Structures are given as structure tokens and as C-alpha cells.
**Student:** 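Sharing a structure here in C-alpha cells format.
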Amino acid sequence: MPELPEVETTRRGIAPHCEGQTITGVTVRNPSLRWPVPEDLAQRLEGQVIRTVDRRAKYLFLNLDGGTVIVHLGMSGSLRIIADDSPPMTHDHIDLQLQSGATLRFNDPRRFGCWLWADRATEHPLIASLGPEPLSPEFNGGLLFRASRGKQTPVKSFIMDNHVVVGVGNIYANEALFKAGIHPRRKAGRISADRYHRLAEAIRETLSAAILMGGTTLRDFVNSDGKPGYFAQSLLVYGRTGQPCPDCERPLKEIRMNNRATVYCSRCQR
DNA sequence: AGCGCGACCTGGAGGC
DNA sequence: TGCCTCCAGGTCGCGC
């Protein structure tokens, strides 16, 4: 489900209900996520106050006084605020009871997500080596250009590499490459600085537009209120194989790259 | 070292 | 209705 806009939408949805709240109870129904949920999670959390809810890449941080819960939603995870005491459904793996009476509930059918503990989140191995945030000032075309010199890997794989820039998942990689007019298979090391400036701008635009619209809803994404996002209506190429290119009207092509659907216009993208 | 791919899971859609 | 195959928004870590 979630790419960066969905994760940010989730953060904005849950933060007001979590920040300043004492955790009064922890229920782990299924600890078998991507990595096992720490056995002492409840012990660490109970009685602690959630100070802030932050995001780094697609990770959410529940910051407590003595450390951080690092949450990833994987492909199918979601966090909801449950106001009443409605019973857990299938795949509701973790509940945090809050002092307010609300529950922060984690659901993840495929269990690719994770809940981890870190004394210092920024030093955790999963976090420490991440590239810059795509919406931060340090992310720009120059950075992409420098990082790509000598790279043989296709540009689509390059911008989806979290060590280069975080938060560019499959949907938005397809969209940004279309906007920048770059063929997804072009070797990263053979793209000019000018074109990387356009690409960086396209990434920034695509992600911020999606955040404004509450994320992309394909199938079953719901944000923390249970509402869908509306960015799917704005997708230019993803999910539109065979339909006319928005610019030149030639049918959009689809190939597989790293086993992921890759949609592009063979005329507009070179 | 850089790159590509398998692996981790469940469920929905579509074909027969 | 049921069974089977394919597909899915992520990303780690292995093998070449």
C-alpha cells in the first residue's frame, strides 16, 4: 500500500491523537512481522508518554523519552485511531491503548511491516544509511547527478534506491520519469545534470501533490480516519498501460523492471 | 563494489 | 462455486 505520501498522510492523521498521550496498555497479537516484534515492547512502552510522531523515509517514529518505536507499514500495513472499543479484526496485530481512551491499531495482512525499538532512532542500522528526504532543500538535481556518475543501473532503479533519495516508490518513480521525459531503462550514469534537475523537480512535485491529496488509493488504502486518498485520479501513467499518452496520445507501454510494473511513453521518454 | 533477483506474506482478481 | 495463477504500493540481503 503505502508510499511516502501515504505514510505522511498517516503521520498527520495519528499525530494529534498520540502526541502527549501516555501509553496505558500494549497488545501484541502477532509478533511475526518482517522482523519479530521485540518481546519486551510492552514493558518498554507502558506508562511512557508519546512526545512526538515523526517520519523519516517511509518509517514512522513514535518518540518516547527513552527511545523510539520505529514503525514501517510494509506493502499492506495501516495505522488507525480507534475511538471506541471496537473488537480487533483479522490482521490487527498490535494495539497501543492511550490515556485518552483511544487505541492506536496496527493492521498488516502481508506482515511486511515492522515494529522495532531503538534507543536512538537515527543510529539504527535501518535508518542511519538512508539518503536525503525528497522534499528537503538538500535534495536536488545536482545531488542526483553526482550520485549517479559511473552507475550502470537503470535510472528507475537508481531513484528507487533509498541510499540515493528516500521515499520514491514504484508508482511515483513511474510518474516522475514520465514528467521528466526520461526512459526508465536509461543508465543512471548517462543522464545530464540538466535532465537530473528536471527529474528532481518532477519527484518533488509528484510527491507533494500526492500528499496534498491524501495519498494514492489503489485497492484498499485508507488513511488513519479510514478515508481513501484521491491522488489515483491524477496518475499520468501508472495503471494506464495501453491508454493514450497524456502528451502525444501514443499507447503507453509496460515492461517489468526488477519485477515491478513500469509504464512509460516510448516517444516522450528517452 | 555494483547490480539483479529471490524472499518474506496474504488476499483479490480473473481465467477456466 | 471452486481451483489455479498472477499480481500488488517495500526493501533487505544474498549471490554473481
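Keep in mind that what you see is a predicted model, and the values were worked out from it rather than measured. Reminder, nothing fancy here: chain letters follow the sequence lines and each chain counts from 1.
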**Student:** What dot-bracket string describes DNA chain C from 5' to 3', counting Watson-Crick and G-U wobble pairs whose defining distances are under 3.5 Å, with [ ] for crossing pairs and | for pairs to another strand?
**Tutor:** .|||||||.|||||||
**Student:** Looking at dT11(C) and Phe112(A): do their rings stack (centroid distance under 5.5 Å, interplanar angle under 30°)?
**Tutor:** no
**Student:** Taking only heavy atoms on the protein side, list every residue of residues 34-42 of chain A lying under 4.0 Å from any atom of DNA chain C, sorted numerically.
**Tutor:** Arg34(A), Trp35(A)
**Student:** Once salt bridge (charged side-chain N to carboxylate O under 4.0 Å, His left out) is applied, do any residues pair with Arg267(A), and if so which ones, sequence neighbours excluded?
**Tutor:** none
**Student:** Which pairs, protein N/O on one side and nucleotides 1-3 of chain B N/O on the other, fall under 3.5 Å?
**Tutor:**
from, atom 1, to, atom 2, distance (Å)
dC3(B), OP1, Gln152(A), N, 2.5
dC3(B), OP1, Thr153(A), N, 3.2

**Student:** Please tabulate the protein-to-nucleotide N/O contacts below 3.5 Å involving nucleotides 10-14 of chain B, giving atom names and distances.
**Tutor:**
from, atom 1, to, atom 2, distance (Å)
dT10(B), OP1, Arg111(A), NH2, 2.8
dT10(B), O4', Pro109(A), O, 3.4
dT10(B), O3', His91(A), NE2, 3.2
dG11(B), OP1, His91(A), NE2, 2.6

**Student:** Which value, in whole Å, describes the distance between the P atoms of nucleotides dG9(C) and dC3(B)?
**Tutor:** 23 Å
**Student:** Tell me every residue that passes side-chain contact (heavy atoms from CB on, under 4.5 Å) with Pro16(A), counting only those two or more places apart in sequence or in another chain.
**Tutor:** none
**Student:** Give Asn162(A) one of three labels, base, sugar-phosphate or nothing, depending on what nucleic acid heavy atoms sit under 4.0 Å from its own.
**Tutor:** sugar-phosphate
**Student:** Considering residues at least two apart in sequence or located in another chain, which fulfil the salt bridge (charged side-chain N to carboxylate O under 4.0 Å, His left out) criterion with Arg55(A)?
**Tutor:** Glu8(A), Glu133(A)
**Student:** Could you pull out all residues at least two apart from Asp40(A) that satisfy salt bridge (charged side-chain N to carboxylate O under 4.0 Å, His left out)?
**Tutor:** Arg44(A)
**Student:** Which residues satisfy the salt bridge (charged side-chain N to carboxylate O under 4.0 Å, His left out) test with Arg195(A), sequence neighbours excluded?
**Tutor:** none
**Student:** For Phe158(A), which contact category applies under a 4.0 Å heavy-atom criterion: base, sugar-phosphate, or nothing?
**Tutor:** nothing
**Student:** Could you work out the separation of dC3(C) and dC9(B) based on their P atoms and round it to a whole Å?
**Tutor:** 24 Å
**Student:** Please determine whether side-chain hydrogen bond (donor to acceptor under 3.5 Å, both in side chains) holds for the pair Ser192(A) and Asp194(A), giving the CA-CA distance in whole Å, both sets of side-chain angles, and the decisive distance to 0.1 Å.
**Tutor:** CA-CA 5 Å; Ser192(A) 70; Asp194(A) 263 11; 5.6 Å; no
**Student:** Does a side-chain N or O of Arg256(A) approach OP1 or OP2 of dC7(C) to a distance below 4.0 Å, or not?
**Tutor:** no
**Student:** Measure from the ring center of Phe231(A) to the ring center of Tyr172(A) and say whether it is less than 6.0 Å.
**Tutor:** yes
**Student:** Among residues at least two apart in sequence or on other chains, which ones pass side-chain contact (heavy atoms from CB on, under 4.5 Å) with Gln152(A)?
**Tutor:** Lys187(A)
**Student:** Round to the nearest Å and state the distance from Asn107(A) atom CG to dC9(B) atom P.
**Tutor:** 17 Å
**Student:** Test of understanding: with side chain to side chain donor-acceptor pair (under 3.5 Å), list the residues that count as partners of Arg240(A), not counting sequence neighbours.
**Tutor:** Gln243(A)
**Student:** Kindly state each residue pair satisfying salt bridge (Lys or Arg N to Asp or Glu O under 4.0 Å) with at least one member in residues 106-122 of chain A, sequence neighbours excluded.
**Tutor:** Arg120(A)-Glu123(A)
**Student:** Looking at dG9(C), I'd like to know if its phosphate oxygens (OP1 or OP2) sit under 4.0 Å from a side-chain N or O belonging to Tyr172(A).
**Tutor:** no
**Student:** When the distance from CG of Asn258(A) to P of dG4(B) is rounded to whole Å, what number comes out?
**Tutor:** 6 Å
**Student:** If hydrophobic clusters are built from ILVMFWY residues whose side chains come within less than 4.5 Å, do Leu73(A) and Val69(A) share one?
**Tutor:** yes
